[in-house]
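Residue indices begin at 1 and follow the sequence shown. Excluded from the calculations below are hydrogen atoms, water molecules and symmetry mates; all remaining heavy atoms, backbone and side chain alike, are included. Model, not experiment: these values are computed from the prediction.
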Amino acid sequence: MILAAHLFLGALIGTAVKSLPIAILLSFLSHYVLDIIPHTEYSIEKIKSRDWKNSIPEFLKVSIDLLAPLAFILFLSMDLRITFVSLFSIIPDGLDFLG
């Protein structure tokens, strides 16, 4: 799923849940809830195959998908805590990328 959807739900959870540990846990778990919904994903095959020379467009796509929502969340909330909590919603994709 596009990272923005995960980040925005994580930010919503960070706004609604005042306990930081619970907000972090729920943000992390929200990733799996969103992934239940049927969806398509953009290709990062060149990154996965470590074809670094040809993967620049994919890195740009992922970077924009990560940084634009984070900037938007920070701009709207003006709260680093909410932005921090939202990051936990994309950890499963990071773990998948490492594996």
Side-chain angles (χ1 to χ4, degrees):
M1 182 168 284
I2 295 175
L3 296 176
H6 293 293
L7 289 166
F8 289 136
L9 181 56
L12 181 65
I13 291 167
T15 302
V17 178
K18 300 306 174 197
S19 168
L20 184 60
I22 293 173
I24 288 170
L25 177 64
L26 290 175
S27 180
F28 179 80
L29 294 175
S30 74
H31 184 95
Y32 298 104
V33 172
L34 282 181
D35 276 355
I36 291 171
I37 300 168
H39 60 280
T40 60
E41 299 193 23
Y42 49 79
S43 174
I44 55 170
E45 293 307 314
K46 290 179 179 146
I47 294 174
K48 285 183 178 181
S49 67
R50 301 180 189 273
D51 181 8
W52 306 125
K53 183 179 173 185
N54 297 314
S55 63
I56 292 173
E58 292 177 359
F59 273 113
L60 286 173
K61 204 179 338 180
V62 172
S63 297
I64 291 168
D65 188 25
L66 174 66
L67 297 176
L70 284 176
F72 191 71
I73 291 166
L74 186 58
F75 175 74
L76 286 181
S77 70
M78 299 301 284
D79 188 347
L80 284 174
R81 178 191 172 278
I82 293 170
T83 308
F84 176 72
V85 169
S86 73
L87 287 171
F88 283 85
S89 68
I90 60 171
I91 286 177
D93 281 336
L95 296 174
D96 185 43
F97 177 70
L98 292 175

Determine the minimum heavy-atom distance between Ile90 and His31, stating which atoms define it.
CA-ND1, 4.2 Å

Between Ile73 and Ser86, which heavy-atom pair has the shortest distance, and what is it?
CD1-OG, 4.0 Å

For Ile56, does the CD1 atom have more than 12 heavy-atom neighbours from other residues, nucleotides or ligands under 6.0 Å away?
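No, because the 6.0 Å sphere around CD1 of Ile56 holds 12 heavy atoms or fewer from other groups.
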
Assess whether atom CZ of Phe28 is packed by more than 12 heavy atoms of other residues, nucleotides or ligands within 6.0 Å.
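Counting other residues, nucleotides and ligands, CZ of Phe28 exceeds 12 neighbours.
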
In a table with atom names and distances, give each donor-acceptor pair under 3.5 Å that connects a side chain of residues 7-15 to protein atoms at least two apart or in another chain.
unit_1 : atom_1 : unit_2 : atom_2 : d
Thr15  : OG1    : Ala11  : O      : 2.9

Holding to side chain to side chain contact (heavy atoms under 4.5 Å, CB included), I want the full list of residues that pass it with [X], two or more places apart in sequence or in another chain.
| X | answer |
| --- | --- |
| Ile22 | Val17, Ser19, Leu26 |
| Asp79 | Ser77, Arg81, Ile82 |
| Lys46 | Asp51, Asn54, Ser55, Glu58 |

Under the 3.5 angstrom rule, does the side chain of Ser27 hit a backbone N or O of Ser89 as a donor-acceptor pair?
yes

Backbone N or O of Leu3 within a donor-acceptor pair of the Asp65 side chain at under 3.5 Å?
yes

List, by chain and then residue number, the residues other than [X] in its hydrophobic cluster (Ile/Leu/Val/Met/Phe/Trp/Tyr, side-chain heavy atoms under 4.5 Å); write none if there are no others.
| X | value |
| --- | --- |
| Ile64 | none |
| Val33 | none |
| Leu74 | Leu80 |
| Ile36 | none |

Report the residues that fulfil ring pair (Phe, Tyr, Trp, His ring centres under 6.0 Å) with Phe75, sequence neighbours left out, ordered by chain and then residue number.
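In terms of ring pair (Phe, Tyr, Trp, His ring centres under 6.0 Å), with neighbours along the sequence ignored, Phe75 is linked to no residue.
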
Is there a side-chain contact between Leu20 and Ile24 (heavy atoms, below 4.5 Å)?
yes

